[in-house]
Amino acid sequence: MTASAPITQDVLTLPRKLPEGGKINLVGLTRAQMHDVLIENGTPPKQAKMRVGQIWQWIYQWGVRDFASMTNLAKAYRAQLEELFEITIPEVVSRQVSSDGTRKYLVRIAGGHEVEVVYIPEEDRGTLCISSQVGCTLTCTFCHTGTQKLVRNLTPAEIIGQVMMARDDLEEWPTPGAPKDETRLLSNIVLMGMGEPLYNFDNVRDAMKIAMDPEGISLSRRRITLSTSGVVPEIARTAEEIGCLLAISFHATTDETRDVLVPINKRWKIDTLLQALADYPKVSNSERITFEYVMLDGVNDSDEDAHRLLDYIKRYKIPAKINLIPFNEWPGAPYKRSSNNRIHAFANIIYQAGYASPIRKPRGEDIMAACGQLKSATERARKSRKQIEAEAGVSK
Ligand code: SAH
Ligand code: SF4
């Protein structure tokens with residue numbers, strides 16, 4: 001093929017950092033990364049900070065996906081951005097709406113993998129439950145995601161892209177110049193979808209920084225909750241580097257039972273975990289740690305369990321709220337949900353001791369969107385734990 005006519009570039013020099021065969025996705029880059037990538041590709045260094053601010057607002061405040069619409073940038077510059085960059089989020093493969101209004105999305109990410117995202121509307125808020133990994137390396141015995149073989153970490157673009165996708169579907173991007181609407185359909189984010197967020201720490205952090213950025217999606221850090229099964233070494237970093245609220249998948253009150261239900265307990269025992277929670281830098285009465293406790297018939301739901309749970313929380317002086325989750329069944333699950341009477345009796349013991357003990361209402365069960373029911377169909381050979389941890393940069 002003969003060389004095509006040279007491209008005239010008023011603003012940008014020729015790109016030096018283009019990935020092979022494609023454009024650079026600007027979604028998911030931190031401000032610093034976007035700054036560097038613009039300069040590397042020809043934006044004059046003196047202008048870069050301002051350009052990042054402008055592009056950032058277009059992408060995250062207004063939800064714009066094409067450079068041509070970025071009207072406060074010079075036309076020639078817009079055209080050149082278009083040549084080099086893209087603004088891409090995961091593609092929605094399917095969308096199901098439950099009889100209770102819960103929406104479950106299946107989104108496709110690079111490599112053809114799929115993850116699930118759930119939107120839960122409530123009276124005074126709307127919560128988006130997002131995924132941090134395809135599948136999960138951990139194998140909690142009551143969790144459907146834990147049976148999925150294929151695992152890969154999501155990139156920051158794929159994580160924040162789930163939020164952008166939901167705002168698209170809810171038609172919630174503001175129009176420039178329109179009055180600011182304070183009621184948000186998507187007001188909260190929970191990292192409670194597929195995957196263990198603390199085994200993908202850096203990417204989750206970078207994505208949540210974007211979600212919290214005041215010039216973008218602008219969600220308060222108190223409206224973001226990260227749920228972990230108990231990756232102890234990463235817990236303090238969550239407060240320091242993300243600053244969001246924390247939920248712990250506690251689920252058992254003896255090491256013996258927790259070793260089975262949440263096998264990461266074999267590595268970090270209950271006492272080690274509780275000490276890390278007691279030390280959580282941000283914890284206070286207004287920012288209590290949520291203890292998630294799945295109610296499994298005859299396994300962890302006795303009165304003794306409730307008392308042991310209280311003893312732990314008191315001994316370690318952890319400002320806590322206990323969120324009781326009726327077990328959501330999935331095909332082949334080895335457990336049964338505790339009876340309503342049992343769940344209420346358990347909740348009552350905790351409540352009487354002065355702790356909030358809400359019972360989570362299962363949402364979207366008819367579309368298998370409830371907690372722990374997520375599992376995408378794309379499964380391949382299981383990678384070794386070592387391989388995944390090496391990729392995730394998990395320190396031992
Ligand atoms: N990996 C993280 C976050 C995803 S799981 C974690 O484990 O915390 C989100 C919550 O759903 C966790 O508390 C998890 O224990 C709970 N869960 C998993 N499977 C469930 C099921 N079948 N029924 C009810 N809750 C479940
Ligand atoms: Fe992974 Fe959380 Fe499911 Fe355990 S409960 S297998 S950590 S997603």
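No experiment lies behind these values; they were computed from the predicted model shown. Indexing begins at 1, ligand by ligand and atom by atom, following the structure's order.
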Taking both backbone and side-chain atoms of [X], is any N or O found less than 3.5 Å from an N or O belonging to ligand 1?
X	value
Asn328	yes
Gly195	yes
His144	no
Cys136	no

If the threshold is 4.0 Å, N to carboxylate O, is there a salt bridge linking [X] and [Y]?
X	Y	answer
Arg65	Glu86	no
Arg308	Asp305	yes
Lys104	Glu116	yes
Arg337	Glu329	no
Arg342	Asp303	yes
Asp213	Arg31	yes

Exercise check, heavy-atom protein proximity under 4.0 Å to atom 2 (Fe) of ligand 2 = no
(request) Evaluate salt bridge (Lys or Arg N to Asp or Glu O under 4.0 Å) for Glu158 paired with Arg152, printing each intermediate quantity in order. (result) CA-CA 12 Å; Glu158 290 160 350; Arg152 108 147 152 74; 2.9 Å; yes
What do we get for [X] next to ligand 1 when only non-hydrogen atoms under 4.0 Å count, side chain, backbone, both or neither?
X	result
Ile248	neither
Glu329	neither
Trp330	side chain
Glu292	side chain

Residues at least two apart in sequence or cross-chain that pass side chain to side chain donor-acceptor pair (under 3.5 Å) with Thr225, listed by chain then number, are none
Contacts of Ser220 meeting side chain to side chain donor-acceptor pair (under 3.5 Å) (sequence neighbours excluded), chain-then-number -> none
Taken by chain and residue number, the protein N/O/S atoms under 2.8 Å from atom 1 (Fe) of ligand 2 read Cys136 SG
Pull out every atom of ligand 1 sitting under 4.0 Å from any heavy atom of [X], numbered as shown with elements.
X	answer
Thr228	6 (C), 8 (O)
Ile325	24 (C), 25 (N)
Cys143	18 (C), 19 (N)
Gly193	4 (C)

- May I ask whether Met194 has any heavy atom positioned less than 4.0 angstrom from an atom of ligand 1? no
Side-chain donor/acceptor pairs under 3.5 Å, residues 311-320, sequence neighbours excluded:
unit_1 : atom_1 : unit_2 : atom_2 : d
Tyr312 : OH     : Thr253 : O      : 3.4
Tyr316 : OH     : Asp271 : OD1    : 2.5

Nearest heavy-atom contact between Ala48 and Thr43 is CA-CG2, 4.1 Å
Lys269 atom NZ: more than 12 heavy-atom contacts under 6.0 Å: yes
- Item | salt bridge (Lys or Arg N to Asp or Glu O under 4.0 Å) between Lys209 and Glu241, intermediate numbers included | CA-CA 9 Å; Lys209 290 256 183 229; Glu241 297 181 35; over 6 Å; no
